[in-house]
K.L.:
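Take this structure, written in structure tokens, and hold onto it; I'll ask about it next.
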Amino acid sequence: MKTCYRVNEIFYSLQGEGFHTGRAAIFVRFSGCNLRCPFCDTDFSSYHEMTGEEIIRAISDYPGRFVVLTGGEPTLQVDDALIDLFHRNGYTVAMETNGTHPWPVSLDWSTVSPKEKVVVKKCNELKVVFQQQPEEEIEQLMEQIQADHYFLQPCDTGDAEKNRVIVAACVDYIKAHPRWRLSLQTHKITDIK
């Protein structure tokens, strides 16, 4: 019996945030999450069950070869068999995760955006949602998680004035702590999916 994955949606766009901002990407959004973050902007409750082969067929017409597995929380479903299937079909695979579960070892790129206690200790990219939290909280994440790249991303509250304050505070924080880099949600700025 073939493994089925609960896929919320598949779409082709540009990566909107973090290290790969602006890169053409096929997004495979998985349904379900183990956290309930108040600022989450994603409805990932609905899904279609798909085999790995059905996912490959669904993405095969897109010209891009960079696949981003996201959610929800993709580590609840994604396994090495699915990553290996992407690789056999010529794709590079990235995953966006909250870091509360380990990911498949064959993954090409990992982005951890922690919201609660993480179990992973190393990733390619650490992306922290900046909400003017205490400095020690932010710096503790840097100590806990070794990353190749460190990003702070201003939280989008949905309120333009609050967002301006958060962005300004985030910029000031990065200027005072230059190991961090700014990540903006460019997909929202450019009004693309």
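No hydrogens, no waters, no symmetry mates; every other heavy atom, side chains included, goes into these values. As the structure is a prediction and not an experimental result, all values here were calculated from the model.
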K.L.:
I'd like a table of donor-acceptor pairs (distance under 3.5 Å, sequence neighbours excluded) in which one partner is a side-chain atom from residues 56-65, with atom names and distances.
P.N.:
from, atom 1, to, atom 2, distance (Å)
Ser60, OG, Arg57, O, 2.9
Arg65, NH1, Tyr91, OH, 3.3
Arg65, NH2, Asn89, O, 2.4

K.L.:
What about Met95 and Val128, same hydrophobic cluster or not, with Ile/Leu/Val/Met/Phe/Trp/Tyr joined at side-chain heavy-atom distances under 4.5 Å?
P.N.:
yes
K.L.:
Check whether Arg29 reaches the backbone of Gly71 with its side chain - one donor and one acceptor, N or O, closer than 3.5 Å.
P.N.:
yes
K.L.:
Can you tell me how far CD of Glu125 sits from OG of Ser113, rounded to the nearest 0.5 angstrom?
P.N.:
9.0 Å
K.L.:
With the 4.5 Å side-chain cut-off for hydrophobic clustering, are Met50 and Leu85 part of the same group?
P.N.:
yes
K.L.:
Under the criterion ring pair (Phe, Tyr, Trp, His ring centres under 6.0 Å), which of Tyr12, Phe11, Phe66 is the partner of Phe27?
P.N.:
Phe11
K.L.:
Under a 4.5 Å cut-off applied to non-hydrogen side-chain atoms, are Ile145 and Val118 in contact?
P.N.:
yes
K.L.:
Tell me whether Leu14 shares a hydrophobic cluster with Val68, the cluster being built from Ile, Leu, Val, Met, Phe, Trp, Tyr side chains joined at under 4.5 Å.
P.N.:
no
K.L.:
Working note: Trp103 + Val112, criterion side-chain contact (heavy atoms from CB on, under 4.5 Å); need CA distance, chi angles, decisive distance, verdict.
P.N.:
CA-CA 11 Å; Trp103 52 74; Val112 174; 3.6 Å; yes
K.L.:
How far does CD1 of Ile26 sit from OG1 of Thr92, to the nearest 0.5 angstrom?
P.N.:
10.5 Å
K.L.:
How far apart are the closest heavy atoms of His101 and Val120, and which atoms are they?
P.N.:
O-CG1, 3.9 Å
K.L.:
How about Arg181 and Leu152: do any of their side-chain heavy atoms sit closer than 4.5 Å?
P.N.:
no
K.L.:
Going by atom types only, do Asn98 and Thr100 share a side-chain donor-acceptor pair under 3.5 Å?
P.N.:
yes
K.L.:
Could you tell me whether the side chain of Asp156 and the main chain of Asn163 form a donor-acceptor pair under 3.5 Å?
P.N.:
no
K.L.:
Check each of His20, Glu96, Arg23 against Gln15 using the side-chain hydrogen bond (donor to acceptor under 3.5 Å, both in side chains) test, and report the only one that passes.
P.N.:
Glu96
K.L.:
Which pair of non-hydrogen atoms, one from Asp84 and one from Ser106, has the smallest distance, and what is that distance?
P.N.:
OD1-OG, 3.4 Å
K.L.:
Should Val119 and Leu69 be counted in the same cluster of Ile, Leu, Val, Met, Phe, Trp and Tyr side chains packed under 4.5 Å apart?
P.N.:
yes
K.L.:
Closer than 4.0 angstrom, basic N to acidic O: yes or no for Arg6 and Glu49?
P.N.:
no
K.L.:
Provide the closest heavy-atom pair for Val93 versus Leu107 in the form atom of the first, atom of the second, distance.
P.N.:
O-CD1, 3.6 Å
K.L.:
Determine, using the 4.5 Å side-chain heavy-atom cutoff (strictly less than), whether Phe151 and Leu141 are members of one ILVMFWY cluster.
P.N.:
no
K.L.:
Please tell me if the side chains of Val7 and Tyr47 come closer than 4.5 Å, counting only heavy atoms from C-beta onward.
P.N.:
no
K.L.:
If you define the side chain from C-beta out and look only at heavy atoms, does anything of Cys123 sit under 4.5 Å from Trp109?
P.N.:
no
K.L.:
Are Gln140 and Glu135 linked by a side-chain donor-acceptor pair shorter than 3.5 Å?
P.N.:
no
K.L.:
Verify the distance criterion only: is there a donor paired with an acceptor across the side chains of Asp108 and His87 at less than 3.5 Å?
P.N.:
yes
K.L.:
In this structure, are over 12 heavy atoms from other groups packed under 6.0 Å from Lys122 atom NZ?
P.N.:
no
K.L.:
Would you tabulate the side-chain donor-acceptor contacts of residues 164-174 under 3.5 Å, counting partners in other chains and residues two or more places apart, or write 'none'?
P.N.:
from, atom 1, to, atom 2, distance (Å)
Arg164, NE, Glu161, OE1, 3.3
Arg164, NH2, Glu161, OE1, 2.9
Tyr173, OH, Glu139, OE2, 2.5

K.L.:
For the atom pair CG (Leu126) and OG1 (Thr111), what is the distance rounded to the nearest 0.5 Å?
P.N.:
9.5 Å
K.L.:
Over all heavy atoms of both residues, which pair between Thr51 and Cys4 is shortest? Give the atoms and the distance, please.
P.N.:
CG2-SG, 4.0 Å
K.L.:
Please determine, by modelled atom types, if Ser110 and Asn124 share a side-chain donor-acceptor pair under 3.5 angstrom.
P.N.:
yes
K.L.:
Looking at every heavy atom in both Gln77 and Ser31, which two are closest together, and how far apart are they?
P.N.:
NE2-O, 3.0 Å
K.L.:
For a quick test of reading the model, state the closest non-hydrogen atom pair linking Gly52 to Leu82 and the distance between them.
P.N.:
CA-CD1, 3.8 Å
K.L.:
Going by heavy atoms in the side chains, are Leu184 and Pro154 under 4.5 Å from each other?
P.N.:
yes
K.L.:
Between Phe30 and Val78, is there a side-chain heavy-atom distance shorter than 4.5 Å?
P.N.:
yes
K.L.:
Atom OH in Tyr5, atom CG in Leu76: separation rounded to 0.5 Å?
P.N.:
13.5 Å
K.L.:
Would you say His48 has more than 12 foreign heavy atoms packed within less than 6.0 Å of its NE2?
P.N.:
no
K.L.:
Nearest 0.5 Å, what's the SG-NZ distance between Cys155 and Lys162?
P.N.:
10.5 Å
K.L.:
Classify the side-chain pair Thr97/Glu73 by whether it contains a donor and acceptor separated by less than 3.5 Å.
P.N.:
yes
K.L.:
Please examine the side chains of Met142 and Trp180, heavy atoms only from C-beta on, and report whether any two atoms are closer than 4.5 Å.
P.N.:
yes
K.L.:
Give, for atom NZ of Lys121 and atom CD of Gln144, the distance between the pair rounded to the nearest 0.5 Å.
P.N.:
6.0 Å
